[in-house]
Number of protein chains: 2
Amino acid sequence: MSQLHTIGEAAADSGVSAKMIRHYEKIGLIGAAERTEAGYRLYGPAEIHTLRFIRRARNLGFSVDDIGELLGLWHDEKRASKDVREVAAGHLGALRAKAAEILSMIDALEHLIAGCTNDDRPDCPILKDLSNDANPALAKEVGHKFGYQRVC
Amino acid sequence: MSQLHTIGEAAADSGVSAKMIRHYEKIGLIGAAERTEAGYRLYGPAEIHTLRFIRRARNLGFSVDDIGELLGLWHDEKRASKDVREVAAGHLGALRAKAAEILSMIDALEHLIAGCTNDDRPDCPILKDLSNDANPALAKEVGHKFGYQRVC
DNA sequence: CTTGACCTTCCCATGATGGGAAGCCCTATC
DNA sequence: GATAGGGCTTCCCATCATGGGAAGGTCAAG
C-alpha cells in the first residue's frame, strides 16, 4: 500500500499538476483513479508512469488528442510502429508549419526594427510599414492554419 | 456618403472579419462605430485604414494588447521611435523564445521518428522514449514560458 | 482539540477566433 | 404590396491547455 500516492505526490512525481491530473481524468484521457474512503484519489506506480508519459508527450508539443492515441498504441501490444510514426509525423508537420510561420514573422520584424532610428524622433519605419495600405505585410494568408511550409 | 461602408464591406476591405471588428470594438481596441438609424455600424476610410493596420500587426503576431499600444503611438505625433521599437523588440523576443521552443521539439521528434522502423512490428523507439522514466524528454522545463532562448 | 496542509468539487479566466440562433432591416423580384 | 434572400444586430457557446480561487471536508502533528 505504501506505493499508493495522493494526487499531490503523483503530481510532484510526474511533473503533471494536480489540476491537470483531475482534468485529464474528467476528459477521459486517463481512467478514474481509485479513491480512499474519504474520496481522495490514489495513484499507483502504473498510473504515475502513465502521467510521466503524458508529460513527456506534452513537452514534445503533442495535443491531448494525440496523446490519447499514443496511449492507446502504447497499451496495444499488437500495435504497428508505423501507426505511432504516423501520429508523430503528423505532429511534426504541424510543428514545422508553426515554426515556418513564426520564423517568417521574426524575419519581417527584424527588418523593421533594423530600420528604426531608436531615438526620440517620431519618424518610425515600423509604424510606417503597418500603416502602409500598399504593403501586404506578410501577405494576407501567411500562416493561418497552413502557410506554405518550407523552412526546416 | 458613399465612402461609408457596412461592417461586411469593411471586413472585406480590411481583411479583418466582421466578428473580429465587433470584438475589437467591444474590448475597446477601436472606438464605437457610427451607426445608421437602424443600428448598422458604418465605417469610413480612416476606420478601414485602422483595421488594415490591425490586420498587418496581427499578421506579425502582435497581441491585441501590443496593438493597442502601437495604435496609441501611431496616433501620437510626438511619439519617440524608440518607444515603438521597444514594443516591437519585446514581441520579437517572445517570438524568438517560441521559435526556440518549437525548434527543439522538432529536433527531438525528428530523432525519434528517424529511429522508427515504420513497419508492422510493435517495436517503436518513439513509445519507448515516451515511456522511459529515466528519460528527461526535453528536460522538465523546456519552453514553459521562457525556455532559454538561443536559436535565431 | 486546534492548526495547517492537503484533498474535494465547482465556477471562472485566459486569447483570438469562429459557429450559430433569434430577430430586425433592406432590396429586388413577382 | 408581399415575399424571399442576404446582411445586419445581440447573445451565448466552443475551442485548447492551464491556472486561480472559493467553500468545505480530511488528516496528521502538536
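Numbers restart at 1 for each chain; the letters A, B, ... are given by sequence-line order, proteins then strands. All heavy atoms count here, side chains included; hydrogens, waters and symmetry mates do not. Note that the structure is a prediction, hence the values are computed from the model and not measured.
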*Asks:* Rounded to whole Å, how long is the line connecting atom CG of B:Leu51 with atom C1' of C:dA16?
*Replies:* 16 Å

*Asks:* Say you draw a straight line from NE2 of A:His111 to CG of A:Asp129; how long is it, rounded to the nearest 0.5 Å?
*Replies:*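 These two atoms lie 11.5 Å from each other.
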
*Asks:* Separation of A:His91 atom NE2 from D:dC16 atom P, in whole Å?
*Replies:* 15 Å

*Asks:* Using a 3.5 Å distance criterion without hydrogens, assess whether the side chain of B:Glu9 forms a donor-acceptor pair with backbone atoms of B:Thr6.
*Replies:*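 The answer is yes, because a donor-acceptor pair under 3.5 Å joins these two groups.
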
*Asks:* Within a strict 4.5 Å, meaning less than it, do heavy atoms of the B:Glu25 and B:Arg22 side chains meet?
*Replies:* no

*Asks:* For the residue pair B:Trp74 and B:Phe53, categorise the inter-ring angle as parallel (less than 30°), tilted (30 to 60°) or perpendicular (more than 60°).
*Replies:*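 B:Trp74 and B:Phe53: parallel rings.
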
*Asks:* Return yes if some donor-acceptor pair links the side-chain N/O of A:Arg85 with the main-chain N/O of B:Ile113 below 3.5 Å, else return no.
*Replies:* yes

*Asks:* Atom CZ of B:Phe62 to atom P of C:dG15: distance rounded to whole Å?
*Replies:* 17 Å

*Asks:* Taking OP1 and OP2 of D:dC8, is either one under 4.0 Å from a side-chain nitrogen or oxygen of B:Thr6?
*Replies:*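 Checking B:Thr6 against D:dC8: at least one side-chain N or O falls below 4.0 Å of OP1 or OP2.
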
*Asks:* Mind calculating the distance between NE2 (B:His5) and C1' (C:dC26) to the nearest angstrom?
*Replies:* 18 Å

*Asks:* Looking at B:Ser81, is its backbone amide N or carbonyl O close enough to the side chain of A:Arg121 to form a donor-acceptor pair, meaning the two atoms are under 3.5 Å apart?
*Replies:*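 Not at all, since once roles are kept as given, no pair shorter than 3.5 Å links the two residues.
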
*Asks:* Looking only at atom types and distance, does a side-chain atom of A:His91 sit under 3.5 Å from a main-chain N or O of A:Leu60, one as donor and one as acceptor?
*Replies:* yes

*Asks:* To the nearest Å, how far apart are B:Ile67 CD1 and C:dG15 C1'?
*Replies:*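 The distance from CD1 of B:Ile67 to C1' of C:dG15 comes to 12 Å, rounded to the nearest Å.
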
*Asks:* For A:Gly44, does its backbone N or O pair with a side-chain atom of A:Glu47 as donor and acceptor, under 3.5 Å?
*Replies:* yes

*Asks:* Let me test you: for the helix from C:dC1-D:dG30 to C:dC30-D:dG1, what is the angle between the axes at its two ends (five pairs each), rounded to 10 degrees?
*Replies:* 30°

*Asks:* Scan B:Arg56, B:Arg52, B:Arg55 and name whichever one has a side-chain contact (heavy atoms from CB on, under 4.5 Å) with A:Leu130.
*Replies:*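 Of all the options given, the one that passes is B:Arg56.
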
*Asks:* Counting only non-hydrogen atoms, which of residues 18-36 of chain B are less than 4.0 Å from DNA chain C?
*Replies:* B:Lys19, B:Met20, B:His23, B:Tyr24

*Asks:* If we only count heavy atoms from C-beta on, is the B:Thr36 to B:Leu4 side-chain gap below 4.5 Å?
*Replies:* no

*Asks:* Between B:Glu110 and A:Arg96, does any NZ, NE, NH1 or NH2 come within less than 4.0 Å of an OD or OE carboxylate oxygen?
*Replies:*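 A salt bridge is present here (some side-chain N lies under 4.0 Å from a carboxylate O).
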
*Asks:* Atom CZ of B:Arg58 to atom C1' of C:dA16: distance rounded to whole Å?
*Replies:*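 After rounding, the reported distance stands at 6 Å.
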
*Asks:* Return the residues of residues 38-48 of chain B meeting this criterion: a heavy atom under 4.0 Å from some atom of DNA chain C. Order them by number, or give none.
*Replies:*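 When residues 38-48 of chain B is checked for heavy atoms under 4.0 Å from DNA chain C, the hits, listed by number, are B:Ala38, B:Tyr40.
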
*Asks:* Return no unless some side-chain N or O of B:Ser17 is found under 4.0 Å from OP1 or OP2 of C:dG18.
*Replies:* yes

*Asks:* Output the rounded distance in Å from CG (A:Asp66) to C1' (D:dC16).
*Replies:* 13 Å

*Asks:* What is the distance, rounded to the nearest whole Å, between atom CD1 of B:Ile54 and atom C1' of C:dT17?
*Replies:* 15 Å

